[in-house]
Amino acid sequence: MTDKEFMEYALGLTLRDGIDPPIGAIVTDEDGNIIGQAANTRQAEISAIAHAEVKAIEMACKARKSWHLVGCTIYITLEPCPMCMGAIINSRIDRVVFGAYNPKAGCCGSIINLAELPFNHRPEISGGIMAEECGAVLSAFFKERRAKKQ
């Protein structure tokens, strides 16, 4: 599968429950098999760490029976925040592919690029894959949320 096809899959995971921002993530192994997948469920789980990336990484670690995810790629519909980028670096994921840029919390270049800092692991970053489609889903969610508050 191509990066675009994997991103389409991640976009399909986004929850449209009206509670959580619709963010999806998948982790693939070196052969292109999906070994982790999740959607953002912070509100539903009442958990600050229930981000799609963290949950997908956890699932991939269990599938691999290791916290080392060398050779893996993570596809995320939104540029990772500091916590998620830290989890990506700590799990040794080789490549990060994200959709929409995150000007408020993005750590792959929007605010800072944590992959450029001298950590013991530096994943390759590819951003803006299906950015318009991923951004449109998030924009629609927040537009609807604002309308409900009025």
Side-chain angles (χ1 to χ4, degrees), residues 1-45 47 49-64 66-115 121-148:
M1 289 176 65
T2 66
D3 284 349
K4 184 177 184 287
E5 290 169 321
F6 281 123
M7 189 61 70
E8 286 171 345
Y9 187 96
L11 193 55
L13 295 174
T14 61
L15 295 178
R16 293 177 182 89
D17 60 9
I19 299 171
D20 286 290
I23 300 164
I26 62 171
V27 177
T28 61
D29 66 14
E30 49 278 311
D31 297 321
N33 300 306
I34 296 171
I35 59 172
Q37 61 183 355
N40 180 32
T41 57
R42 288 185 310 175
Q43 297 292 340
E45 292 185 33
S47 172
I49 62 171
H51 288 209
E53 301 95 308
V54 171
K55 294 172 66 155
I57 289 168
E58 269 189 320
M59 183 183 284
C61 289
K62 288 179 180 163
R64 277 247 173 125
S66 173
W67 62 270
H68 279 151
L69 298 177
V70 175
C72 294
T73 298
I74 188 165
Y75 294 85
I76 316 146
T77 57
L78 181 67
E79 180 181 5
C81 73
M83 175 184 70
C84 294
M85 198 57 196
I88 290 164
I89 290 167
N90 284 333
S91 64
R92 312 299 195 269
I93 289 175
D94 285 350
R95 191 164 169 251
V96 177
V97 180
F98 68 88
Y101 284 86
N102 185 351
K104 294 184 179 180
C107 288
C108 290
S110 286
I111 292 180
I112 190 170
N113 186 345
L114 292 180
H121 179 72
R122 294 185 186 134
E124 174 189 329
I125 308 290
S126 297
I129 307 300
M130 294 184 60
E132 287 184 30
E133 296 90 337
C134 293
V137 170
L138 284 161
S139 293
F141 169 81
F142 287 110
K143 183 178 179 181
E144 185 178 318
R145 180 184 266 182
R146 284 189 299 273
K148 286 180 181 178

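The shown structure was predicted, so the numbers you read here are calculated from the model rather than taken from an experiment.
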Using a 3.5 Å cut-off and no angle test, enumerate the donor-acceptor pairs between side-chain atoms of residues 67-75 and protein atoms at least two apart in sequence or in another chain.
| unit_1 | atom_1 | unit_2 | atom_2 | d |
| --- | --- | --- | --- | --- |
| Tyr75 | OH | Asp3 | OD1 | 2.9 |

Looking at [atom1] of [X] and [atom2] of [Y], how far apart are the two atoms once the value is rounded to the nearest 0.5 Å?
| X | Y | atom1 | atom2 | result |
| --- | --- | --- | --- | --- |
| Cys84 | Asn102 | SG | CG | 10.0 Å |
| Glu144 | Ser139 | CD | OG | 12.5 Å |
| Arg122 | Asn113 | CZ | CG | 10.5 Å |
| His51 | Met83 | NE2 | CE | 3.5 Å |
| Asp94 | Ile88 | CG | CD1 | 12.0 Å |
| Tyr101 | Glu79 | OH | CD | 7.0 Å |

Task: Check ion pair Lys62-Glu58 (N to O, under 4.0 angstrom) - done: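 No, Lys62 and Glu58 are not salt-bridged.
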Open item on the list: Under 4.0 Å between a side-chain nitrogen and a carboxylate oxygen: does that hold for Glu133 and Lys4?
Closed with: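 A salt bridge is absent here (no side-chain N lies under 4.0 Å from a carboxylate O).
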State, to 0.1 Å, how close [X] and [Y] come at their nearest heavy-atom pair, and which atoms those are.
| X | Y | answer |
| --- | --- | --- |
| Arg95 | Pro123 | N-CB, 4.3 Å |
| Val54 | Ala87 | CG2-CB, 4.5 Å |
| Ile129 | Cys134 | O-SG, 4.3 Å |
| Arg42 | Pro21 | NH2-CG, 4.1 Å |
| Cys108 | Val96 | SG-CG1, 4.3 Å |
| Pro22 | Thr14 | O-CG2, 3.4 Å |

pair [X]-[Y]: side-chain heavy atoms closer than 4.5 Å:
| X | Y | answer |
| --- | --- | --- |
| Cys107 | Pro82 | yes |
| Phe6 | Thr2 | no |
| Asn40 | Ile19 | no |
| Val27 | Met59 | no |
| Ile125 | Met85 | yes |
| Leu138 | Leu78 | yes |

- [ ] Please check if the side chain of His121 supplies one atom and the backbone of Ile93 the other of a donor-acceptor pair under 3.5 Å.
- [x]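 Checking the backbone N and O of Ile93 against the side chain of His121, a donor-acceptor pair under 3.5 Å is found.
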TODO: Kindly determine whether Ile89 and Leu114 satisfy side chain to side chain contact (heavy atoms under 4.5 Å, CB included), including the steps that lead there.
DONE: CA-CA 9 Å; Ile89 290 167; Leu114 292 180; 4.1 Å; yes
- [ ] Decide side chain to side chain contact (heavy atoms under 4.5 Å, CB included) for Glu45 and Lys55; before the verdict, give the C-alpha distance in whole Å, the side-chain angles of both, and the deciding distance to 0.1 Å.
- [x] CA-CA 12 Å; Glu45 292 185 33; Lys55 294 172 66 155; 2.6 Å; yes
Which atom pairs, one a donor and one an acceptor, fall under 3.5 Å between side chains of residues 30-37 and the rest of the protein, sequence neighbours left out?
| unit_1 | atom_1 | unit_2 | atom_2 | d |
| --- | --- | --- | --- | --- |
| Glu30 | OE1 | Arg64 | NH2 | 2.8 |
| Glu30 | OE2 | Arg64 | NH2 | 2.7 |
| Asn33 | ND2 | Asp29 | OD1 | 3.4 |
| Asn33 | ND2 | Asp29 | OD2 | 3.2 |
| Gln37 | OE1 | Tyr9 | OH | 2.6 |

- [ ] Before giving the answer on side chain to side chain contact (heavy atoms under 4.5 Å, CB included), spell out for Ile23 and Ile76 the whole-Å C-alpha distance, their side-chain angles and the decisive distance to 0.1 Å.
- [x] CA-CA 7 Å; Ile23 300 164; Ile76 316 146; 4.2 Å; yes
